[in-house]
Each structure stands twice: as structure tokens, then as C-alpha cells.
Amino acid sequence: MGNGGEIVVLKSKQFVLDERDAAMLQMAANDVPRKLIAEKFEISVRTVEARFDMVRRQLGKKSFGAVLVELLRQKVIK
């Protein structure tokens, strides 16, 4: 991840995905349960879900799977 966050571009929209959110999304892409993600970042599972939902809304996607596909396509996560 870069310093200060990753820039995600979708059509004409663009927003900055911070390193922490990118790391959480990478873990989700690697099939790590949300509970373990929450423990690693010392936050609640509901906070993890809220962060994922925020990214989903910013990307204009209807599902979390579509978010991961888009981030993979843009090489933000592996």
C-alpha cells in the first residue's frame, strides 16, 4: 500500500481508500472472517462491516463481492 492511501477510480468518480481499509479489504479477499479482521485492528465486527459498506457505497456497487472484483481489477488488492 502507498503512503497516505490508495486512490480508487471508478468511471468519473474517485476517492481515497486509506491503508487501513485497504488492508481490511485485502484480508476479506483472502477469506479471513470479519471477526478475525476486527480482532487484528482492535475494532468491532460492526465497525468492520460499516467500513466495508462505506466503500461499497462510494464505489456505487450493490454487493460486497462486486467491490472486491473492482478493487482486484484496479490492482488495489491482490
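Hydrophobic clustering (ILVMFWY, side-chain heavy atoms < 4.5 Å, transitive): Val55 and Val69 are in distinct clusters. A continuous path of ILVMFWY side-chain contacts below 4.5 Å connects Met54 to Met27, so both sit in one hydrophobic cluster. No continuous path of ILVMFWY side-chain contacts below 4.5 Å connects Phe64 to Val45, so the two sit in separate hydrophobic clusters.
Listed for the Gln26 side chain is a donor-acceptor partner under 3.5 Å among the backbone atoms of Lys78.
In terms of the salt bridge (Lys or Arg N to Asp or Glu O under 4.0 Å) criterion, residue partners of Arg56 (sequence neighbours excluded) are, by chain and number, Asp53. Under the side chain to side chain contact (heavy atoms under 4.5 Å, CB included) criterion, Ala66 pairs with Lys61, Ser63, not counting sequence neighbours.
Salt bridge status for Glu70 with Arg73: present, with a side-chain N to carboxylate O gap under 4.0 Å.
Atom CG in Leu59 sits 6.0 Å away from atom CG in Leu71 (nearest 0.5 Å).
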Under 3.5 Å donor-acceptor pairs involving side-chain atoms of residues 32-41, not counting sequence neighbours:
none

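Contact record, Asp21 with Asp18: N-OD1, 2.7 Å, taken as the closest heavy-atom pair.
Between Leu25 and Phe52, the closest side-chain pair of non-hydrogen atoms falls below 4.5 Å.
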